> 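After the structure tokens below, expect a handful of questions from me.
No experiment lies behind these values; they were computed from the predicted model shown. Every heavy atom of this structure was used, including side-chain atoms; hydrogens, water molecules and symmetry mates were not.
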Amino acid sequence: MRFSGLVFTLAFLILLGYSLFTFWKVMYARYKFIQLGQPEPLGGWGERITGALYQIFGHSKLFKDRKSGLAHLVIFYGFIVLQFGAVELILKGFVQGYHWPLGSFHPVFSLSQEFTVMAIILAVGYAAYRRFGEKLPRLKQGAKTTVLYGFIFLLMASILLTLAFEKVWLGELPSGASPISSLLSLGLAGAGQQAAYWLFYACWWLHLLILLAFLLYVPQSKHAHLLFAPFNIVLSSMGPPGRPSKLDFSDETAEEFGVGKIEHFTKGQLLDLYACVECGRCTNVCPASNTGKMLSPMHLITKLRDHMNEKGEVLLAQSPWAPGRVMGSPQGMAHAMSEVPCVQGEPEGYRANSHWHTDIAPTMRRQEQVWQLQEKEAAGLSLIGDVISEEELWGCTTCRNCEDQCPVGNEHLSLIYGMRRYLVMTEGSMPAEVTRTLNHIERQGNPWGMNRNDRVRWRDEYHNLNIPTVDEVKEFEYLFWVGSMGSYDNRNRKVIAAFAKIMNEAGISFAILGNEELNSGDTVRRVGNEFLFQELAQQNIELFTVYGVKKIVTCDPHAFNSFKNEYPDFGWTAEVYHHTQLISQWIKEGRIKPEVPVEERVVYHDSCYLGRYNGIYDAPRDILNAIPGVQLLEMKRNKENSMCCGAGGGKMWIEEQEGVRVNVKRVEQALDGNPTAIGSNCPYCLIMMGDGLKQFDADEQVAALDLAELVVRSLGSKA
């Protein structure tokens with residue numbers, strides 16, 4: 001018995017030691033690959049840790065899908081609870097009938113363990129059902145996922161069987177403190193004590209082998225998020241969400257800007273790649289994926305991760321796989337994209353669902369089809385072209401729905417911005433529409449290239465309104481930023497005039513810049529020309545300083561976001577307001593009184609840059625609820641889950657070549673509520689909603705209106 005005990009212990013220690021050493025090798029390789037990235041400054045650790053704890057232990061992001069969130073919550077906390085029982089179970093292999101010395105509390109502990117095991121089995125069963133039964137399009141259905149479910153089920157089953165055979169072996173009576181293993185022991189009692197002894201150890205070793213195999217499997221699979229996600233959440237960007245990083249152009253010898261190689265990303269961005277759990281939540285809400293385009297935020301991450309593993313192995317001569325290459329690509333092969341023809345209109349197999357009128361399945365299929373192992377050297381692949389296509393990069397509307405949904409804190413936009421910057425500022429490669437738009441903004445200060453001296457001509461149409469320029473008044477409280485859409489677009493001029501009427505009615509002192517107004521730079525920055533953006537920002541800041549601007553109000557959420565959240569990086573701060581914020585405030589203060597009934601069924605569309613970027617959801621709804629006669633309707637995708645109109649990220653100026661038009665799908669969602677008007681708060685959204693209505697021949701029955709226009713109608717002749 002002593003010799004057997006020694007062999008048993010040595011076998012255990014050798015197996016444990018090998019597993020821990022191999023786990024360390026795999027993790028260290030990934031750590032080294034992350035270190036290939038560029039350094040970045042970090043701070044605000046208290047806020048970081050507090051936010052991370054809330055997100056990790058509160059599952060705040062996971063519960064955006066309540067069904068999946070609940071299942072994950074059970075598994076997450078279940079594994080935490082089971083750690084105490086796992087140690088006890090291991091010790092049972094060395095000490096016959098071992099129990100934690102918990103006295104009279106041990107039955108409660110035992111009951112909690114068995115209850116937790118069953119809860120995990122049920123949660124995993126439900127997760128498998130969602131993937132293979134419901135076949136949610138966002139969830140991959142492959143061998144690696146099946147392996148995971150098998151791992152967890154066998155791990156839980158081995159616990160119960162080990163405890164059951166222990167009871168038979170030791171002749172223990174069934175107990176209410178261990179109801180499941182007791183029930184199993186009754187069915188296994190016929191094996192006899194001697195057989196139960198050997199079966200106990202067989203199940204004990206099975207449990208240990210599964211546990212240690214799981215230890216090695218996790219870091220080499222999508223379940224690496226268990227190890228990397230907490231760090232990724234802690235190290236997420238601080239400050240306003242979705243804010244692009246500021247580039248330093250002081251080095252005049254620099255020849256490259258942006259991200260053209262995997263090692264050009266920051267360490268934090270590379271950490272994103274290992275944190276991804278491939279849950280598909282990002283792709284599920286992406287307007288590009290929803291409308292049959294090539295871009296899938298999830299695949300963007302996973303393709304970069306594959307490339308980092310393969311290129312990192314070449315650069316550092318260190319394999320990220322163990323044992324052998326069971327989980328990795330064969331030596332001498334690397335993942336790369338094959339040619340993908342652009343699919344105009346609905347792609348093959350596009351089946352819009354009745355809930356959102358969208359379908360991500362064609363995008364998921366295309367991504368799986370084109371990302372294949374090829375006989376290529378990973379270090380020789382082009383990041384943009386071989387790994388990520390230009391079509392994917394230009395398909396992004398920067399709506400941030402992907403980041404808002406991501407449960408592990410991934411920041412997809414920063415990856416896209418980096419690669420767009422490389423295309424635009426280093427390679428000079430971009431769609432013709434982007435080139436034209438940037439040239440127009442640089443030369444004339446507006447995307448159409450219209451004469452900069454005609455910027456204020458719109459005011460002539462409203463000569464009865466008091467709309468002074470900064471040169472025509474001695475002082476003013478608010479600088480009213482009209483923007484290019486308000487100055488040059490006929491439809492949005494009406495919105496600007498409506499808000500001017502509201503300010504006059506409220507007795508607000510304001511002025512506009514007139515022909516001195518430039519472009520805010522939002523579009524410029526989003527398409528990747530950071531250099532031009534910084535030039536515009538500095539020019540605008542100088543102009544604001546000259547006129548002593550302390551408060552700005554605008555009808556454009558994009559300009560609002562830039563002034564409020566991005567200009568402070570360049571040394572300028574002021575009070576920045578969106579017009580819906582002030583209208584809501586003035587209604588509450590009684591400065592304006594909507595009294596005339598407006599009989600409209602208004603379905604409200606949340607714009608991305610006011611909503612997800614700045615968290616403003618209540619003010620617009622307060623306005624609509626304050627207008628007599630208006631019936632506020634909500635879309636199925638609303639507030640933080642609102643679907644983009646399709647115009648953000650420079651897409652206002654880029655023709656959609658792939659798939660279905662985003663704005664058409666958004667309008668289709670709006671029409672579900674049988675509205676008489678679609679209410680918006682953004683000049684881009686207003687145009688996109690109007691164009692979408694024309695696609696359904698509904699523009700005669702349903703109007704696309706800014707909230708300011710509805711308020712003016714309710715003010716009647718007073719305004």
Side-chain angles (χ1 to χ4, degrees), residues 27 30-31 34-35 37-66 68-84 218-219 223-246 265-277 279 281-282 285 297 301 399-415 417 561 564-569 573 575-576 608-619 639-641:
M27 288 296 293
R30 281 157 176 72
Y31 166 77
I34 291 171
Q35 294 304 304
Q38 303 302 306
E40 56 187 330
L42 296 171
W45 289 103
E47 185 179 350
R48 286 180 182 279
I49 293 172
T50 301
L53 290 174
Y54 173 73
Q55 189 170 329
I56 294 168
F57 292 100
H59 276 42
S60 57
K61 286 287 189 74
L62 279 156
F63 271 98
K64 287 181 179 291
D65 181 331
R66 293 184 180 181
S68 295
L70 181 59
H72 191 278
L73 185 78
V74 171
I75 296 171
F76 176 80
Y77 279 104
F79 268 89
I80 292 176
V81 170
L82 287 184
Q83 298 316 301
F84 304 99
V218 164
H223 302 286
H225 76 280
L226 295 169
L227 307 166
F228 292 99
F231 298 102
N232 198 51
I233 294 171
V234 169
L235 299 176
S236 295
S237 297
M238 301 291 286
R243 178 177 58 184
S245 60
K246 177 184 176 183
F265 287 118
T266 66
K267 293 179 174 65
Q269 289 172 321
L270 296 184
L271 180 59
D272 277 0
L273 311 185
Y274 285 133
C276 179
V277 65
C279 63
R281 293 178 183 224
C282 52
V285 296
I301 295 282
C399 71
R400 274 204 72 251
N401 211 350
C402 54
E403 296 183 355
D404 180 73
Q405 288 285 326
C406 182
V408 296
N410 280 346
E411 297 170 355
H412 311 73
L413 287 189
S414 69
L415 307 174
Y417 287 147
N561 182 70
K564 181 175 183 288
N565 297 325
E566 298 176 7
Y567 276 40
D569 284 346
T573 56
E575 294 181 40
V576 184
C608 306
Y609 276 73
L610 193 66
R612 275 186 296 274
Y613 276 80
N614 288 282
I616 299 173
Y617 301 109
D618 294 336
K639 296 187 176 180
E640 66 272 9
N641 199 35

> So, Asn614 side chain and Tyr609 main chain: donor-acceptor pair closer than 3.5 Å or not?
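It does hold such a pair.
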> To the nearest 0.5 Å, what is the distance between NE2 on His412 and CD on Gln405?
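The distance works out to 10.5 Å.
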> Would you mind telling me which of Gln269, Glu411, Glu40 makes a side chain to side chain donor-acceptor pair (under 3.5 Å) with Ser237?
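Of the listed options, the one satisfying the test is Glu411.
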> If you compare all heavy atoms of Asn401 against all heavy atoms of Glu640, which two are closest, and at what distance to 0.1 Å?
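Distance-wise, the nearest heavy atoms are OD1-O, 3.6 Å.
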> Side chains of Leu235 and Lys267, heavy atoms from C-beta outward: is any pair under 4.5 Å?
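Counting from C-beta outward, Leu235 and Lys267 never come under 4.5 Å.
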> Looking at Phe57, is its backbone amide N or carbonyl O close enough to the side chain of Tyr77 to form a donor-acceptor pair, meaning the two atoms are under 3.5 Å apart?
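Yes, the answer is positive, given that a donor and an acceptor are paired below the 3.5 Å cut-off.
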> Please enumerate all residues that pass salt bridge (charged side-chain N to carboxylate O under 4.0 Å, His left out) together with Lys564, with sequence neighbours excluded.
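Partners of Lys564 by the salt bridge (charged side-chain N to carboxylate O under 4.0 Å, His left out) criterion come out as none, since no residue qualifies.
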> Measure the shortest side-chain to side-chain distance between Cys406 and Arg281 over non-hydrogen atoms and say whether it is less than 4.5 angstrom.
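Not in contact.
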> Find out whether Arg612 and Cys399 are in side-chain contact, i.e. whether some heavy atom of one side chain is under 4.5 Å from a heavy atom of the other.
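Heavy-atom side-chain distance check passes, below 4.5 Å.
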> Any idea which heavy atoms bring Gly409 and Asp272 closest together, and the distance?
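So the minimum-distance heavy-atom pair works out to O-OD1, 4.0 Å.
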> Would a 4.5 Å heavy-atom cut-off, applied to side chains only, mark Ser68 and Cys279 as touching?
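Contact flag for Ser68/Cys279 side chains = no.
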> Does Glu566 offer a backbone N or O that forms a donor-acceptor pair with the side chain of Arg243 under 3.5 Å?
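Between the backbone of Glu566 and the side chain of Arg243 there is no qualifying donor-acceptor contact (under 3.5 Å).
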> Drop me the distance from Ile75's CD1 to Ile80's CD1, to the nearest 0.5 angstrom.
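It comes to 12.5 Å.
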> Using atom types as modelled and distance alone, determine if a side-chain donor or acceptor of Thr50 lies under 3.5 Å from a backbone N or O of Glu47.
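It does not hold such a pair.
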> May I ask you to test the Leu415-Ile301 pair for a side-chain heavy-atom distance under 4.5 Å?
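Side chain of Leu415 against side chain of Ile301, heavy atoms only: contact under 4.5 Å found.
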> Quick one: closest heavy-atom pair of Met27 and Leu227, and the distance?
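Closest approach of Met27 to Leu227, heavy atoms only: SD-CD1, 3.5 Å.
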> Nearest 0.5 Å please: distance from the CD atom of Gln35 over to the CZ atom of Arg30.
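Result: 15.0 Å between the selected atoms.
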> Counting only heavy atoms not in Phe231, do more than 12 fall under 6.0 Å of its CZ?
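No, the 6.0 Å shell around CZ holds no more than 12 heavy atoms from other groups.
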> Shortest non-hydrogen contact from Cys402 to Val285?
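For Cys402 versus Val285, the nearest heavy atoms are N-CG2, 4.1 Å.
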> Grab the two heavy atoms, one from Asn232 and one from Gly268, that are nearest each other, plus how far apart they are.
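That closest heavy-atom pairing would be OD1-O, 3.9 Å.
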> As an exercise, state the distance from CG of Asn410 to NE2 of His225, rounded to the nearest 0.5 Å.
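So the gap between those two atoms works out to 11.5 Å.
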> Tell me whether the rings of Phe76 and His72 are parallel (<30°), tilted (30 to 60°) or perpendicular (>60°).
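The rings of Phe76 and His72 lie parallel, inter-plane angle below 30°.
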> Please report the interatomic distance CG(Asp404) to SG(Cys608), rounded to the nearest 0.5 Å.
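Asp404 CG to Cys608 SG: 10.5 Å, rounded to 0.5 Å.
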> Are the side chains of Gln55 and Ser60 in contact, using a 4.5 Å heavy-atom criterion?
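Yes; the side chains approach each other to less than 4.5 Å.
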> Supply the atom-to-atom distance Leu226 CG to Phe79 CZ, rounded to the nearest 0.5 angstrom.
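With rounding to 0.5 Å, CG (Leu226) is 8.5 Å from CZ (Phe79).
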> If you define the side chain from C-beta out and look only at heavy atoms, does anything of Ile34 sit under 4.5 Å from Phe228?
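SC-SC contact between Ile34 and Phe228 confirmed.
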> Show the nearest heavy-atom pair for residues Ser414 and Glu403, with the distance to one decimal.
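Looking at all heavy atoms of both residues, the shortest contact is N-OE2, 4.2 Å.
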